[in-house]
Protein chains: 2
Amino acid sequence: MKISIIKIGGNVIDYPEKLDEFLELFSRFPGHKILVHGGGVMASRFGESMGVMPEMVDGRRITDRDTLDIVTMVYAGLINKNMVAKLQELKQNAIGLTGADGNLIRSAKRAVKDIDYGYVGDVIEVNTKFLGQLLELGLVPLVNAITHDKKGQLLNTNADSIASALATSMAKEHEVNLYYCFNKAGVLIDEKNENSIIPLINEDIYNELKKENVIHSGMIPKLDNAFKALEEGVNNVWIGKAENLIFASKGKLSGTIIEKHRYDLY
Amino acid sequence: MKISIIKIGGNVIDYPEKLDEFLELFSRFPGHKILVHGGGVMASRFGESMGVMPEMVDGRRITDRDTLDIVTMVYAGLINKNMVAKLQELKQNAIGLTGADGNLIRSAKRAVKDIDYGYVGDVIEVNTKFLGQLLELGLVPLVNAITHDKKGQLLNTNADSIASALATSMAKEHEVNLYYCFNKAGVLIDEKNENSIIPLINEDIYNELKKENVIHSGMIPKLDNAFKALEEGVNNVWIGKAENLIFASKGKLSGTIIEKHRYDLY
């Protein structure tokens with residue numbers, strides 16, 4: 001089957017109006033689809049109100065036991081279930097899942113080297129059979145950033161990595177497109193000009209743009225991840241703003257499409 | 001198919017050791033099974049740590065918007081997902097669900113008469129087809145006390161009522177046994193003597209015991225609910241302690257079994 005995997009982040013989740021607008025667009029997105037989400041700043045805010053301060057090392061959050069409880073409550077409870085209820089209203093048969101539910105995503109606690117990230121997991125295995133069964137039943141899975149190690153431990157996991165792991169795993173048997181919604185309209189030629197979107201990037205173009213320093217810093221890991229997903233069989237990867245997602249589904253230019261194909265003109 | 005629906009409450013959930021012990025027993029419980037849970041005092045404790053004090057009217061909790069957020073986080077997030085992870089470790093293919101997931105349980109916000117209970121829902125409809133599909137896939141559903149109105153609103157719902165609604169709805173097509181775990185070993189002849197369990201109650205015995213005032217006060221609504229479930233097709237209802245549940249599954253006397261059958265001896 002054809003499957004769209006769509007990842008949204010804090011810039012949608014943190015704003016109730018934007019989230020409602022997005023869910024309405026998402027409900028009109030055609031075909032089999034899976035939504036992946038983290039929790040944005042909401043987890044930090046709830047944590048602080050309970051006296052649990054976010055602990056950051058090198059800009060990355062450390063997940064101690066209290067923080068794990070909070071992200072589990074906020075991601076898997078508050079955010080996930082409210083989105084499920086809203087999508088049900090929009091006649092989408094949504095089902096909210098952590099990686100523990102149906103053993104959907106097994107991960108391993110990150111080994112302690114220089115930094116102990118605490119209860120953070122890196123994806124090991126996706127239960128593609130189960131996910132396929134849910135899609136065949138007409139369900140719309142909403143997967144949040146909590147996974148488990150199959151030894152009884154929940155683990156906080158990067159939502160981008162989850163989206164990518166679901167996409168590459170499902171791509172072994174299905175045609176998968178991956179959509180990353182973020183705070184820019186796509187890969188831009190001029191960072192300050194939202195209209196300077198590069199509509200299509202393949203490896204040749206990517207290498208060229210890196211050489212010319214058009215693509216740099218934060219955009220490089222994003223695109224490296226996208227090309228890695230393509231290497232592992234994902235059909236194409238879209239990067240853009242959540243509000244333009246619906247245009248992407250109609251094949252209109254609305255963000256940056258990353259393709260493996262080389263367009264040999266000769 | 002044959003389905004066991006088991007409801008646990010705060011006297012198990014609130015004690016990590018008892019909960020672990022229960023989950024181990026539950027994992028050995030044979031056949032298709034569904035676990036139903038609320039959240040005990042944990043929701044109140046988290047609420048208080050966030051400055052949301054439980055508001056009670058006539059001994060019943062009022063669910064305002066903040067309280068709804070807290071019970072959604074604690075029931076559907078913290079408690080449900082940790083239980084799912086532990087059952088996965090025990091090789092049970094658990095899946096955690098609110099009533100919103102897969103539109104499992106649609107409820108209606110309780111009308112305001114003398115008291116405004118806030119975001120409290122009473123069960124209207126169970127999606128028995130979906131629940132049957134999950135059981136057929138070999139999944140073990142863990143259903144918590146959050147439902148939805150199919151109009152985008154989550155609602156806090158009594159876990160006993162959810163267990164009963166699931167049981168009576170599934171009983172239309174399946175053989176269903178319902179197990180209520182609570183803080184006593186069963187219906188007791190002498191409240192202070194845990195060994196004075198009445199092993200079997202049918203309607204005749206029930207009426208007799210009420211007349212003799214052996215069964216009174218808090219036990220009456222519990223038994224009335226049990227008989228109502230039997231009227232609606234549930235096979236039998238068991239009341240007892242969570243730690244004795246495994247004996248019940250083996251047909252050993254371990255609590256009180258409530259049956260509709262009248263044993264006509266003539």
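A, B, ... follow the sequence lines: proteins, then strands. Residue 1 opens every chain. Every heavy atom of this structure was used, including side-chain atoms; hydrogens, water molecules and symmetry mates were not.
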Heavy-atom side-chain proximity of B:Leu97 to A:Ile95 below 4.5 angstrom: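 Contact flag for B:Leu97/A:Ile95 side chains = yes.
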Please check if the number of heavy atoms outside A:Phe247 that lie under 6.0 Å from its CZ is greater than 12.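 Incorrect, the count does not exceed 12.
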So which residues of residues 14-24 of chain A are in contact with chain B at a heavy-atom cut-off of under 4.5 Å?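 Near chain B, by residue number: none.
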Rounded to the nearest 0.5 Å, how far apart are CG of B:Leu137 and CG of A:Leu137?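 Reported value, rounded in 0.5 Å steps: 6.0 Å.
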Could you tell me the separation between the CG atom of B:Leu134 and the CG atom of A:Leu134, rounded to the nearest 0.5 Å?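 These two atoms lie 7.5 Å from each other.
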Set of side chain to side chain contact (heavy atoms under 4.5 Å, CB included) partners for A:Asp116, sequence neighbours left out: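 Side chain to side chain contact (heavy atoms under 4.5 Å, CB included) check on A:Asp116 returns A:Lys109, A:Val112.
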Between A:Gln133, A:Glu48, A:Lys150, the one whose heavy-atom pairs under 4.5 Å with chain B are most numerous: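 Ranked by heavy-atom pairs under 4.5 Å with chain B, first place is A:Lys150.
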What are the residues of residues 119-132 of chain B, in order of number, with any heavy atom under 4.5 angstrom from a heavy atom of chain A?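 The stretch touches chain A at B:Phe130.
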Residues of residues 66-92 of chain B near chain A, each having a heavy atom less than 4.5 Å away: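 Within residues 66-92 of chain B, the residues under 4.5 Å from chain A are B:Asp69, B:Thr72, B:Met73, B:Val74, B:Ala76, B:Gly77, B:Leu78, B:Lys81, B:Asn82, B:Val84, B:Ala85, B:Lys86, B:Gln88, B:Glu89, B:Lys91.
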